[in-house]
Amino acid sequence: AGYYGDGLNAIIVFAACFLPDSSRTDYNYVMENLFLYVISTLELMVAEDYMIVYLNGATPRRRMPGLGWMKKCYQMIDRRLRKNLKSFIIVHPSWFIRTILAVTRPFISSKFSSKIQYVSTLAELREMIPMEYVHIPESIVK
């Protein structure tokens, strides 16, 4: 999505509404390759600190990534990327996401847990980060 502050502090945006439907026969294959693509992109983009903005609005339950996939992603991210992550912002969090994160909090490092922030509105997000390079899909704006 762009950069913030002084230097090369990246803002990475994920719109969950564009993830594949879990009813696909090749769902696991697609999600695994999507993760590998995301990690290779992060390796190229992230020179310093970065933040992830996860757009959950307008996402049907069947498109939300499962707990197993999220755990695997967290475990496969190398130490440098985990260390340089400054904020993981979840926009329009559902009760499901809040519940999953509350249940898994004892099993996640306290450093990572402290980086998670919930944002209820796009206006609230605008107060937190520069939005000039952040593309919000129309379905989420609505």
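Note that the coordinates shown come from a computational prediction; the quantities given were computed from them, not determined experimentally. Below, all heavy atoms of this structure are taken into account, side chains as well, without hydrogens, waters or symmetry copies.
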A.B. asks: Suppose the criterion is side chain to side chain donor-acceptor pair (under 3.5 Å): which pairs have a residue in residues 82-107, not counting sequence neighbours?
C.D. replies: Ser87-Gln117
A.B. asks: Which atom names give the shortest non-hydrogen contact between Ser139 and Cys17, and what distance separates them?
C.D. replies: OG-SG, 3.8 Å
A.B. asks: Any chance you could measure Asn28, atom CG, to Thr25, atom OG1, to the nearest 0.5 Å?
C.D. replies: 10.5 Å
A.B. asks: Is the closest side-chain heavy-atom distance between Ile90 and Leu101 below 4.5 Å?
C.D. replies: yes
A.B. asks: Val13 and His135: side-chain contact (heavy atoms from CB on, under 4.5 Å), yes or no, with the steps?
C.D. replies: CA-CA 8 Å; Val13 177; His135 172 71; over 6 Å; no
A.B. asks: Hey, what do you get for CG (Leu36) to CD1 (Ile39), rounding to the nearest 0.5 Å?
C.D. replies: 8.0 Å
A.B. asks: Taking atom OH of Tyr29 as the centre, does the number of heavy atoms from other residues, nucleotides or ligands within less than 6.0 Å exceed 12?
C.D. replies: no
A.B. asks: Indicate if Phe18 and Met64 have the same hydrophobic cluster label, given that clusters are the connected sets of ILVMFWY residues with side-chain heavy-atom separations under 4.5 angstrom.
C.D. replies: no
A.B. asks: Would Val141 end up clustered with Val91 when hydrophobic side chains under 4.5 Å apart are linked, directly or stepwise?
C.D. replies: yes
A.B. asks: Got a second to check how far Ile89's CD1 is from Asn56's CG, nearest 0.5 Å?
C.D. replies: 14.0 Å
A.B. asks: If we only count heavy atoms from C-beta on, is the Leu19 to Thr59 side-chain gap below 4.5 Å?
C.D. replies: no
A.B. asks: Is there a side-chain contact between Arg126 and Val134, using heavy atoms and a 4.5 Å cut-off?
C.D. replies: no
A.B. asks: Under a 4.5 Å cut-off applied to non-hydrogen side-chain atoms, are Met131 and Leu125 in contact?
C.D. replies: yes
A.B. asks: Quick check: closest heavy atoms across Pro130 and Ile11, and the distance to 0.1 Å?
C.D. replies: O-CD1, 4.0 Å
A.B. asks: side-chain contact (heavy atoms from CB on, under 4.5 Å), that's the test. Do Tyr50 and Leu85 meet it? Break it down for me.
C.D. replies: CA-CA 5 Å; Tyr50 71 105; Leu85 177 65; 3.6 Å; yes
A.B. asks: Atom OH in Tyr27, atom CG in Leu34: separation rounded to 0.5 Å?
C.D. replies: 9.0 Å
A.B. asks: Test side-chain contact (heavy atoms from CB on, under 4.5 Å) on Asp78 and Glu43; report intermediate values, then the result.
C.D. replies: CA-CA 10 Å; Asp78 79 22; Glu43 288 286 345; 3.0 Å; yes
A.B. asks: Could you tell me whether the side chain of Tyr37 reaches within less than 4.5 Å of the side chain of Thr41, counting heavy atoms only?
C.D. replies: yes
A.B. asks: Closest approach of Ile140 and Ala15, non-hydrogen atoms and distance?
C.D. replies: CD1-CB, 4.2 Å
A.B. asks: Membership question, hydrophobic clusters at under 4.5 Å side-chain separation (ILVMFWY): are Phe112 and Ile100 in the same one?
C.D. replies: yes
A.B. asks: Between Tyr54 and Pro93 (side chain of the first, backbone of the second, donor and acceptor by atom type, cut-off under 3.5 Å), is there such a pair?
C.D. replies: no
A.B. asks: List the atom of Tyr118, the atom of Ile97, and the distance in Å for their closest heavy-atom pair.
C.D. replies: OH-O, 4.5 Å
A.B. asks: Is Val38 reachable from Val30 through a run of hydrophobic residues whose side-chain heavy atoms are each under 4.5 Å from the next?
C.D. replies: no
A.B. asks: Which residue pairs pass the salt bridge (Lys or Arg N to Asp or Glu O under 4.0 Å) test when at least one of the two sits in residues 54-69, sequence neighbours left out?
C.D. replies: Asp21-Arg62
A.B. asks: To the nearest 0.5 Å, how far apart are OG in Ser114 and CZ in Phe88?
C.D. replies: 13.5 Å
